[in-house]
Amino acid sequence: MQATPQNRFPFRAAAFGNVTVALAPDRGRSADRRADYHDPTLPPRHELIAFGLWLQKSLGVHAIVHVGAHGTLEWLPGKTVALSDNCFPEIVTGSLPVIYPFIVSNPGEAAQAKRRISAVTLGHLPPPLTGAGLDEAQQKLERLVDEYAQADGLDRRRRDRLAKLIVETARKTGLASEAGVAKTDQPDEALRRIDAWLCDLKDFAVKDGLHVYGRAEDEADPLRRQSAAAEKANLLAALDGRHIKAGPAGAPARGRSDVLPTGRNLFTSDPRTMPTPTAYDLGQAAAEEVVRSYMQSHGDWPRSLVIDLWGSASLRTGGEEIAQGLALMGCRPQWDAATGRVTGIEVLPPAALGRPRVDVTWRISGLFRDMFPTQIALIDAAANAVAGRDEDDSENPLAAATRAQGKVGPRIFGTSPGTYGAGVEDLLSRGEWGGREEIGRAYLDATSHAYGGADGEAVAAQGAFEGRIAEADLLVHTGDDPGRDILEGSADVAFIGGFSAALAALGRNADVIVLDTTDPKKPKPRSVGEAVARVVRARAVNPRFIAGQMRHGPRGASEFAETVDRLVGFAETTHAISGALIEAVHDAYVGDPDVRAFLLRENPAAAKVIAERFLAARRRGLWHPLRNSIDDDLAALIAEARASGVAA
């Protein structure tokens, strides 16, 4: 058939000898790109199917090297495992071998690529990390704090003057509120918070640019030199059809030196061993820090909370997040000594806890649901065991609720089988929503199924999760990977923001906690506002981070766009983000003439997205800059981006 503009499917590709570099067509409508990734009911567009057939039949390629985690192929509709001819991943890729360079710290989605497109997942290094350091204003504050420490006990009047100056300086720059200093705090308490906050910023690990596959960034680090060489050699070996040695997945910056050198075919943990004994000990310590922090803030123990439970994080940590919830309930796993596999649950007596049990509700991701039916059954068994205990209402709120209702209500919730996400991604990506209560309602509606039983099966339970949120004192969302923060993933915004918006829809207040376990020996719970402020000050506006991304041209520019999108997303959904943070990022990316020129030169589409997101924050009243010219400046940036060839 003669190809005409009416019967052909355009896409972008360039040939380099026997290698063709191609950008696959979007799975669905380009405006809803992010929301379309995980939609199990949405067939791929004709363009994507035609692209796959072109690879197989017309171009006649021998293998696909898939670059970028993650893609859309492994999330297309069809069976979860053992795919057949009428499953869309099989239709698009056929029998073509898929070689998939994959960041070594993301085992869950690497496993998805193995199961659904039979990929050889070659682990690659995360970006190199460097210390955040402090900016000029923060350094000035640190010097004053150091001077105060030296004067303490020597000169009372000088000490008091310094204390007053430190607090005044912190308030004037807006740093006091970000450090959690309340107006009613006494000087000593204010100084303690400021000092702790400065240390917290300095400890933050910032990406120093991006990792270039097969290239060593640090010649002084032998394991990273070996990794780079292995990445390159094993990619060529895979293309030769040779066996690639298997290697574990995990976060090197969290002490997982066993994942180095990279370049090996990633494998994950045996789910039957999760949580491991080490993961339980670390998860228990993190859980105790959460309840201790809540007690310190509220003067009472939390009675009920919700935990986000994700597949990749569970694989990375050996099940620390599962262990957190079990420990909060007052349970611990039992392990088989010979195999290390979890065989059951032990419910600890109240005296061993030293506090009341917490009624834990679990909001599981779609990937967790698919990968861990055994863990779902374990958690369900723990909830049932705790619910059946003959203990005082004050010691066991789950048992109290069970007696009041006459049955054990479900405690594990997620989306319907085969669906993924928090249910709000589409709304957030389109921006077509009114109040954030609308987002909250979408989050609640999507969490429509309860999970449990011996096989982790699903039961439709519309509205049941809403009842659990209405009872919750807090949400716990864990971040375990030092190489990734909550402004880097859209899923963090969707899950944390969805929960926060659900509270607004229900007219409820509860703490929203980001539990930092990047150093597993020093777990640190922070409010969502504190967590975002820390990322903005330590990473997003840090000249080291900005310079590192500018070395990578268009890809670095897209990192800036993603940061802005996530920041505004948190502001829209949580109402816990100060306008000062939005303004700081605006000034660092758009207000700086060099960064602005870089965006327009290297990635006009990213420049347009950044300007549109800042304007969205203005339109929704989330940011009130002092300069009246900002709206005009942002409109001008959009016009310049369009003039560079970006579609309206």
Side-chain angles (χ1 to χ4, degrees), residues 34 174 177-180 290 293-294 297-298 305-308 310 363 421-431 433-447 465-466 469-470 472-479 485-516 524-540 562-586 613-614 616-624:
R34 254 186 289 146
S177 60
E178 291 168 19
V290 168
S293 176
Y294 186 90
S297 298
H298 296 273
L305 59 76
V306 178
I307 290 181
D308 277 340
W310 288 4
R363 204 300 184 181
V424 303
E425 290 82 352
D426 187 35
L427 275 177
L428 292 176
S429 66
R430 288 187 286 110
W433 49 274
R436 67 179 177 133
E437 292 79 8
E438 186 179 342
I439 296 171
R441 184 50 57 188
Y443 171 80
L444 292 169
D445 290 345
T447 313
F465 183 61
E466 180 175 326
I469 284 191
D473 295 314
L474 69 158
L475 166 79
V476 179
H477 179 93
T478 302
D485 61 56
I486 60 173
L487 293 188
E488 292 186 77
S490 59
D492 296 278
V493 177
F495 278 79
I496 298 173
F499 179 88
S500 300
L503 290 174
L506 298 175
R508 288 269 293 116
N509 285 316
D511 291 358
V512 181
I513 297 298
V514 179
L515 177 59
D516 180 356
K524 175 73 174 176
R526 300 183 182 90
S527 71
V528 65
E530 291 169 345
V532 171
R534 179 173 181 255
V535 174
V536 168
R537 297 299 182 186
R539 192 264 289 176
E562 288 173 6
T563 297
V564 172
D565 178 63
R566 311 315 183 234
L567 176 63
V568 175
F570 273 117
E572 291 172 333
T573 54
T574 70
H575 288 191
I577 310 305
S578 75
L581 293 178
I582 299 175
E583 183 142 3
V585 176
H586 168 273
R613 292 302 279 144
F614 280 134
R618 292 277 297 114
R619 188 171 59 252
R620 295 189 185 278
L622 303 169
W623 172 36
H624 303 282

>> Quick test of your reading: applying salt bridge (Lys or Arg N to Asp or Glu O under 4.0 Å), list the pairs with at least one residue in residues 567-580, sequence neighbours left out, ordered by first then second residue.
In response: Glu572-Arg613, Glu572-Arg620
>> Suppose we screen for side-chain contact (heavy atoms from CB on, under 4.5 Å). Which residues come up paired with Ala422, at least two apart in sequence or across chains?
In response: Val424, Glu425, Tyr443, Ala494, Phe495
> If every non-hydrogen atom of Ala571 is compared with every non-hydrogen atom of Leu622, which pair is closest and at what distance?
Replying inline: O-CD2, 3.6 Å
> Which side chain to side chain donor-acceptor pair (under 3.5 Å) pairs, counting each pair once, include a residue from residues 496-510, with sequence neighbours left out?
Replying inline: none
> Can you tell if the side chain of Trp310 reaches within under 4.5 Å of the side chain of Asp492, non-hydrogen atoms only?
Replying inline: yes
> Of all residues at least two apart in sequence or in a different chain, which pass the side-chain hydrogen bond (donor to acceptor under 3.5 Å, both in side chains) check with Trp623?
Replying inline: Glu583
> What pairs with Ser578 under side-chain contact (heavy atoms from CB on, under 4.5 Å), at least two apart in sequence or on another chain?
Replying inline: Ala580, Leu581
> Would you find a donor on one side and an acceptor on the other, under 3.5 Å apart, between the side chain of Ser297 and the backbone of Tyr294?
Replying inline: no
> Closest approach of Ile577 and Gly529, non-hydrogen atoms and distance?
Replying inline: CD1-CA, 4.4 Å
> Can you pull the salt bridge (Lys or Arg N to Asp or Glu O under 4.0 Å) pairs that have at least one residue in residues 434-444, sequence neighbours excluded?
Replying inline: Arg441-Glu466
> Out of curiosity, Leu515 CG to Thr478 OG1, how far, rounded to the nearest 0.5 Å?
Replying inline: 4.5 Å
> What residues form a salt bridge (charged side-chain N to carboxylate O under 4.0 Å, His left out) with Asp516, not counting sequence neighbours?
Replying inline: Arg526, Arg534
> Could you state the interatomic distance from OG1 (Thr573) to CG (Leu428), rounded to the nearest 0.5 Å?
Replying inline: 6.5 Å
> To the nearest 0.5 Å, what is the distance between CZ (Phe465) and CG (Leu444)?
Replying inline: 7.0 Å
> Taking atom CZ of Phe499 and atom CG of Asp308, what is their separation to the nearest 0.5 Å?
Replying inline: 8.5 Å
> Are side-chain heavy atoms of Ile469 and Thr447 found at a separation under 4.5 Å?
Replying inline: no
>> Using the side-chain contact (heavy atoms from CB on, under 4.5 Å) criterion, which residues pair with Ile513? Sequence neighbours excluded.
In response: Leu474, Asp511, Pro525
> Under the side-chain hydrogen bond (donor to acceptor under 3.5 Å, both in side chains) test, which residues partner Asp485, sequence neighbours left out?
Replying inline: Arg539
> Looking only at heavy atoms, what is the nearest atom pair of Ala470 and Leu506, with distance?
Replying inline: N-CD1, 4.2 Å
> Which atom pair, heavy atoms only, marks the closest approach of Leu427 to Trp433?
Replying inline: O-CD1, 3.4 Å
> Listed by chain and number, what are the ring-ring contact (aromatic ring centres under 6.0 Å, His included) partners of His575, not counting sequence neighbours?
Replying inline: none
> Roughly how far, to the nearest 0.5 Å, is the CD1 atom of Ile496 from the CZ atom of Arg566?
Replying inline: 12.5 Å
> Can you list the residues that meet the side-chain contact (heavy atoms from CB on, under 4.5 Å) rule with Arg619, with sequence neighbours excluded?
Replying inline: Ala616
> Are Val536 and Leu567 close enough that some pair of their side-chain heavy atoms sits under 4.5 Å apart?
Replying inline: yes
> Closest approach of Gly421 and Arg363, non-hydrogen atoms and distance?
Replying inline: O-NH2, 3.3 Å
> Considering all heavy atoms of both residues, which atom of Leu305 and which atom of Ala472 are nearest to each other, and what is their separation?
Replying inline: CA-CB, 4.4 Å
